[in-house]
Asker: 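Structure below; questions to follow.
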Amino acid sequence: KNQVEQSPQSLIILEGKNCTLQCNYTVSPFSNLRWYKQDTGRGPVSLTIMTFSENTKSNGRYTATLDADTKQSSLHITASQLSDSASYICVVSGGGSQGNLIFGKGTKLSVKP
Amino acid sequence: EPEVTQTPSHQVTQMGQEVILRCVPISNHLYFYWYRQILGQKVEFLVSFYNNEISEKSEIFDDQFSVERPDGSNFTLKIRSTKLEDSAMYFCASSLKPVSNQPQHFGDGTRLSIL
(Lines give C-alpha, C1' and ligand atoms only; values in the text may rest on other atoms or scores of the structure.)
Protein backbone atom coordinates (compact mmCIF):
# COMPACT_ATOMS: atom_id res chain seq x y z
CA LYS A 1 0.00 0.00 0.00
CA ASN A 2 1.29 3.48 -0.90
CA GLN A 3 2.14 5.30 2.30
CA VAL A 4 4.13 8.28 3.53
CA GLU A 5 5.18 8.32 7.17
CA GLN A 6 6.69 11.32 8.92
CA SER A 7 8.52 11.75 12.18
CA PRO A 8 8.43 13.23 14.66
CA GLN A 9 4.72 14.05 14.93
CA SER A 10 5.58 17.31 16.64
CA LEU A 11 8.70 19.20 17.60
CA ILE A 12 9.46 22.22 19.75
CA ILE A 13 12.73 24.08 19.26
CA LEU A 14 14.21 27.40 20.31
CA GLU A 15 14.58 30.22 17.84
CA GLY A 16 17.92 30.10 16.07
CA LYS A 17 18.35 26.34 16.44
CA ASN A 18 18.45 23.83 13.58
CA CYS A 19 16.17 20.85 13.17
CA THR A 20 15.65 17.89 10.86
CA LEU A 21 12.34 16.31 9.94
CA GLN A 22 12.09 12.79 8.54
CA CYS A 23 9.95 11.15 5.87
CA ASN A 24 9.77 7.48 4.83
CA TYR A 25 7.68 6.37 1.89
CA THR A 26 6.54 3.18 0.23
CA VAL A 27 5.04 4.73 -2.91
CA SER A 28 5.66 2.87 -6.13
CA PRO A 29 6.19 3.79 -8.86
CA PHE A 30 7.94 6.95 -7.73
CA SER A 31 8.05 10.22 -9.63
CA ASN A 32 9.04 12.91 -7.17
CA LEU A 33 8.98 13.92 -3.53
CA ARG A 34 7.87 17.29 -2.25
CA TRP A 35 8.02 19.14 1.01
CA TYR A 36 5.24 21.60 1.80
CA LYS A 37 4.85 24.12 4.61
CA GLN A 38 1.32 24.61 5.92
CA ASP A 39 0.61 27.48 8.26
CA THR A 40 -2.43 27.08 10.50
CA GLY A 41 -5.59 27.85 8.54
CA ARG A 42 -3.76 28.20 5.23
CA GLY A 43 -3.14 26.00 2.22
CA PRO A 44 0.15 24.11 1.75
CA VAL A 45 3.01 26.02 0.14
CA SER A 46 5.65 24.16 -1.86
CA LEU A 47 9.20 24.28 -0.48
CA THR A 48 11.08 21.75 -2.63
CA ILE A 49 10.47 19.13 -5.32
CA MET A 50 13.00 16.36 -5.90
CA THR A 51 13.02 13.71 -8.60
CA PHE A 52 14.57 10.26 -8.40
CA SER A 53 17.99 11.49 -9.51
CA GLU A 54 18.27 14.39 -7.07
CA ASN A 55 19.91 13.88 -3.68
CA THR A 56 19.53 17.34 -2.24
CA LYS A 57 17.74 20.58 -2.92
CA SER A 58 17.78 23.85 -1.03
CA ASN A 59 15.33 26.72 -0.74
CA GLY A 60 16.81 29.39 1.50
CA ARG A 61 17.15 27.97 5.01
CA TYR A 62 15.37 24.76 3.98
CA THR A 63 17.42 21.83 2.64
CA ALA A 64 15.77 18.60 1.57
CA THR A 65 17.58 15.33 0.97
CA LEU A 66 16.39 12.22 -0.81
CA ASP A 67 17.68 8.66 -0.71
CA ALA A 68 15.67 6.82 -3.33
CA ASP A 69 17.30 3.50 -2.46
CA THR A 70 16.13 3.53 1.15
CA LYS A 71 13.03 5.60 0.30
CA GLN A 72 13.82 8.22 2.88
CA SER A 73 13.84 11.99 2.81
CA SER A 74 14.67 14.67 5.31
CA LEU A 75 14.02 18.37 5.61
CA HIS A 76 16.65 20.38 7.46
CA ILE A 77 15.79 23.84 8.72
CA THR A 78 18.72 26.06 9.58
CA ALA A 79 18.69 28.96 12.04
CA SER A 80 14.99 28.62 12.77
CA GLN A 81 12.74 31.66 13.02
CA LEU A 82 9.41 32.15 14.79
CA SER A 83 7.74 32.22 11.37
CA ASP A 84 8.91 28.66 10.73
CA SER A 85 6.22 27.48 13.17
CA ALA A 86 3.94 25.41 10.92
CA SER A 87 3.21 21.87 9.78
CA TYR A 88 5.70 20.42 7.32
CA ILE A 89 4.22 17.86 5.00
CA CYS A 90 6.08 15.28 2.91
CA VAL A 91 4.25 14.40 -0.31
CA VAL A 92 5.12 11.75 -2.86
CA SER A 93 3.96 11.68 -6.46
CA GLY A 94 3.65 8.37 -8.26
CA GLY A 95 4.73 7.96 -11.84
CA GLY A 96 2.32 9.32 -14.40
CA SER A 97 0.06 10.77 -11.75
CA GLN A 98 -2.02 13.76 -12.69
CA GLY A 99 -2.44 14.84 -9.13
CA ASN A 100 -2.87 11.75 -7.01
CA LEU A 101 -0.27 12.82 -4.52
CA ILE A 102 0.26 10.75 -1.39
CA PHE A 103 0.48 13.05 1.64
CA GLY A 104 2.14 12.40 4.96
CA LYS A 105 0.41 13.51 8.12
CA GLY A 106 2.99 16.21 8.70
CA THR A 107 5.31 17.29 11.47
CA LYS A 108 4.04 20.16 13.57
CA LEU A 109 6.98 22.44 14.34
CA SER A 110 6.81 25.07 17.05
CA VAL A 111 9.65 27.58 17.28
CA LYS A 112 9.79 29.33 20.66
CA PRO A 113 11.59 32.59 21.46
CA GLU B 1 2.43 36.85 -6.67
CA PRO B 2 -0.64 35.21 -8.25
CA GLU B 3 -2.79 33.22 -5.86
CA VAL B 4 -5.45 30.55 -5.92
CA THR B 5 -8.54 31.95 -4.22
CA GLN B 6 -11.35 29.93 -2.69
CA THR B 7 -14.80 30.98 -1.55
CA PRO B 8 -16.42 30.81 0.87
CA SER B 9 -13.81 30.39 3.59
CA HIS B 10 -16.38 28.59 5.76
CA GLN B 11 -19.60 26.90 4.66
CA VAL B 12 -22.17 25.45 7.05
CA THR B 13 -24.79 23.20 5.47
CA GLN B 14 -27.53 20.86 6.62
CA MET B 15 -27.02 17.16 5.90
CA GLY B 16 -28.60 16.18 2.61
CA GLN B 17 -28.24 19.62 1.06
CA GLU B 18 -26.19 20.39 -2.01
CA VAL B 19 -23.11 22.56 -1.67
CA ILE B 20 -20.85 24.21 -4.25
CA LEU B 21 -17.31 25.19 -3.37
CA ARG B 22 -15.68 27.74 -5.62
CA CYS B 23 -12.11 28.27 -6.70
CA VAL B 24 -10.35 30.73 -8.96
CA PRO B 25 -7.07 29.12 -10.09
CA ILE B 26 -4.03 31.09 -11.20
CA SER B 27 -4.96 32.58 -14.55
CA ASN B 28 -2.45 30.87 -16.87
CA HIS B 29 -2.62 27.48 -15.18
CA LEU B 30 -4.11 24.56 -17.09
CA TYR B 31 -4.36 21.78 -14.48
CA PHE B 32 -6.77 21.95 -11.56
CA TYR B 33 -7.23 19.80 -8.49
CA TRP B 34 -9.39 19.31 -5.42
CA TYR B 35 -8.13 17.84 -2.15
CA ARG B 36 -9.76 17.45 1.23
CA GLN B 37 -8.39 17.29 4.76
CA ILE B 38 -10.55 15.89 7.52
CA LEU B 39 -9.65 17.48 10.85
CA GLY B 40 -6.49 15.91 12.26
CA GLN B 41 -5.93 13.70 9.23
CA LYS B 42 -3.84 13.72 6.07
CA VAL B 43 -4.64 15.70 2.97
CA GLU B 44 -6.34 13.39 0.46
CA PHE B 45 -6.57 13.69 -3.30
CA LEU B 46 -10.07 13.94 -4.77
CA VAL B 47 -9.81 14.79 -8.46
CA SER B 48 -7.70 16.37 -11.18
CA PHE B 49 -9.09 18.25 -14.18
CA TYR B 50 -7.55 19.23 -17.48
CA ASN B 51 -8.90 20.33 -20.83
CA ASN B 52 -12.45 20.43 -19.48
CA GLU B 53 -12.52 16.88 -18.28
CA ILE B 54 -11.55 14.79 -15.27
CA SER B 55 -8.11 13.26 -15.79
CA GLU B 56 -7.87 11.30 -12.55
CA LYS B 57 -10.03 10.73 -9.48
CA SER B 58 -9.74 8.88 -6.21
CA GLU B 59 -12.08 6.38 -4.58
CA ILE B 60 -13.41 9.20 -2.41
CA PHE B 61 -14.71 11.03 -5.49
CA ASP B 62 -17.92 9.05 -5.91
CA ASP B 63 -21.18 9.90 -7.65
CA GLN B 64 -22.13 12.58 -5.15
CA PHE B 65 -19.17 14.69 -6.26
CA SER B 66 -18.79 16.61 -9.49
CA VAL B 67 -16.45 19.29 -10.82
CA GLU B 68 -16.96 21.94 -13.42
CA ARG B 69 -15.17 24.81 -15.05
CA PRO B 70 -18.23 26.92 -15.91
CA ASP B 71 -16.25 29.80 -17.40
CA GLY B 72 -12.66 30.78 -18.06
CA SER B 73 -11.82 31.55 -14.47
CA ASN B 74 -13.82 29.48 -11.98
CA PHE B 75 -13.40 25.84 -10.99
CA THR B 76 -16.13 24.37 -8.78
CA LEU B 77 -16.65 21.28 -6.64
CA LYS B 78 -20.26 20.24 -6.08
CA ILE B 79 -21.37 17.80 -3.43
CA ARG B 80 -24.89 16.71 -4.27
CA SER B 81 -26.28 15.35 -1.03
CA THR B 82 -23.94 16.10 1.82
CA LYS B 83 -23.23 13.66 4.62
CA LEU B 84 -21.81 14.29 8.08
CA GLU B 85 -18.52 12.67 7.00
CA ASP B 86 -18.10 15.28 4.26
CA SER B 87 -17.14 17.77 6.95
CA ALA B 88 -13.56 18.72 6.12
CA MET B 89 -11.29 21.39 4.74
CA TYR B 90 -11.42 21.38 0.94
CA PHE B 91 -8.40 22.69 -0.93
CA CYS B 92 -8.27 23.70 -4.56
CA ALA B 93 -4.92 23.71 -6.35
CA SER B 94 -3.64 24.53 -9.81
CA SER B 95 -0.47 24.02 -11.82
CA LEU B 96 0.87 25.19 -15.15
CA LYS B 97 1.93 21.71 -16.22
CA PRO B 98 1.09 18.20 -14.95
CA VAL B 99 1.80 17.81 -11.26
CA SER B 100 4.32 15.09 -12.00
CA ASN B 101 6.99 17.74 -12.53
CA GLN B 102 5.49 21.03 -11.42
CA PRO B 103 4.68 22.62 -8.11
CA GLN B 104 1.05 23.03 -7.26
CA HIS B 105 -0.31 26.23 -5.87
CA PHE B 106 -2.95 25.72 -3.20
CA GLY B 107 -5.73 27.99 -2.08
CA ASP B 108 -6.37 28.55 1.61
CA GLY B 109 -9.30 26.17 1.59
CA THR B 110 -13.00 26.13 2.39
CA ARG B 111 -13.97 24.69 5.74
CA LEU B 112 -17.17 22.69 5.17
CA SER B 113 -19.25 21.87 8.23
CA ILE B 114 -22.21 19.52 7.81
CA LEU B 115 -24.84 19.64 10.54
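Just so you know, these numbers use all the heavy atoms, side chains as well, and skip hydrogens, waters and symmetry mates. In what follows, every chain begins at residue 1, and chains take the letters A, B, ... in the order their sequences are listed.
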Asker: Is it the backbone or the side chain of B:Gln41 that comes under 4.5 Å from a heavy atom of chain A, or both, or neither?
Answerer: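 Only the backbone of B:Gln41 comes within 4.5 Å of chain A.
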Asker: Please say whether more than 12 non-hydrogen atoms of neighbouring residues, nucleotides or ligands are located less than 6.0 Å from CG in B:Asp63.
Answerer: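 No - once you tally the heavy atoms of other residues, nucleotides and ligands closer than 6.0 Å, there are 12 at most.
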Asker: So with a 6.0 Å cut-off around NZ of A:Lys37, is the heavy-atom count from everything else above 12?
Answerer: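 Yes, the 6.0 Å shell around NZ holds more than 12 heavy atoms from other groups.
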Asker: In the single-linkage hydrophobic clustering (I, L, V, M, F, W, Y; side-chain heavy atoms under 4.5 Å), do A:Phe52 and A:Val27 co-cluster?
Answerer: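 Cluster IDs for A:Phe52 and A:Val27 match.
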Asker: Can you establish whether the number of heavy atoms outside B:Leu39 located under 6.0 Å from its atom CG is more than 12?
Answerer: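 Check fails, neighbour count at 12 or below.
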Asker: Side chain, backbone, both or neither: which part of A:Val4 has an atom under 4.5 Å from a heavy atom of chain B?
Answerer: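 Contact with chain B: backbone only.
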Asker: Give, for atom CE of B:Met89 and atom CD of A:Gln38, the distance between the pair rounded to the nearest 0.5 Å.
Answerer: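 Taking CE in B:Met89 and CD in A:Gln38, the distance rounds to 8.0 Å.
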Asker: For B:Glu59, does the CD atom have more than 12 heavy-atom neighbours from other residues, nucleotides or ligands under 6.0 Å away?
Answerer: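 12 or below, so no.
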Asker: Are B:Ile26 and B:Leu21 co-members of a hydrophobic cluster defined by side-chain heavy atoms under 4.5 Å apart?
Answerer: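 Different clusters: B:Leu21 never reaches B:Ile26 through Ile, Leu, Val, Met, Phe, Trp or Tyr contacts under 4.5 Å.
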Asker: With chain A, which of B:Val47, B:Asp108, B:Leu46 has the greatest number of heavy-atom pairs at distances under 4.5 Å?
Answerer: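 Of the options given, most contacts go to B:Asp108.
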Asker: Would you check, one step at a time, whether the test side chain to side chain contact (heavy atoms under 4.5 Å, CB included) holds for A:Leu101 with B:Gln104?
Answerer: CA-CA 11 Å; A:Leu101 305 178; B:Gln104 288 178 309; 3.0 Å; yes
Asker: What are the two closest heavy atoms between A:Gly43 and B:Phe91, and how far apart are they?
Answerer: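 Closest approach of A:Gly43 to B:Phe91: CA-CE2, 3.5 Å.
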Asker: Given side chains that start at C-beta, do those of B:Phe106 and A:Arg42 come closer than 4.5 Å, heavy atoms only?
Answerer: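 The answer is no, as the side chains (C-beta and beyond) never meet within the 4.5 Å cut-off.
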Asker: Which one wins on heavy-atom pair count under 4.5 Å against chain B: A:Gly106, A:Gly104, A:Gly41?
Answerer: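 Top count of heavy-atom pairs under 4.5 Å with chain B: A:Gly104.
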Asker: Check the hydrophobic clustering (I, L, V, M, F, W, Y; side-chain heavy atoms under 4.5 Å; chains of links allowed) and say if A:Ile102 and A:Phe30 are grouped together.
Answerer: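 Yes; A:Phe30 is reachable from A:Ile102 via cluster members.
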Asker: Just checking B:Phe45 against A:Phe103, ring centres under 6.0 Å apart?
Answerer: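 Judged by ring-centre distance (under 6.0 Å), B:Phe45 and A:Phe103 do not meet the cut-off.
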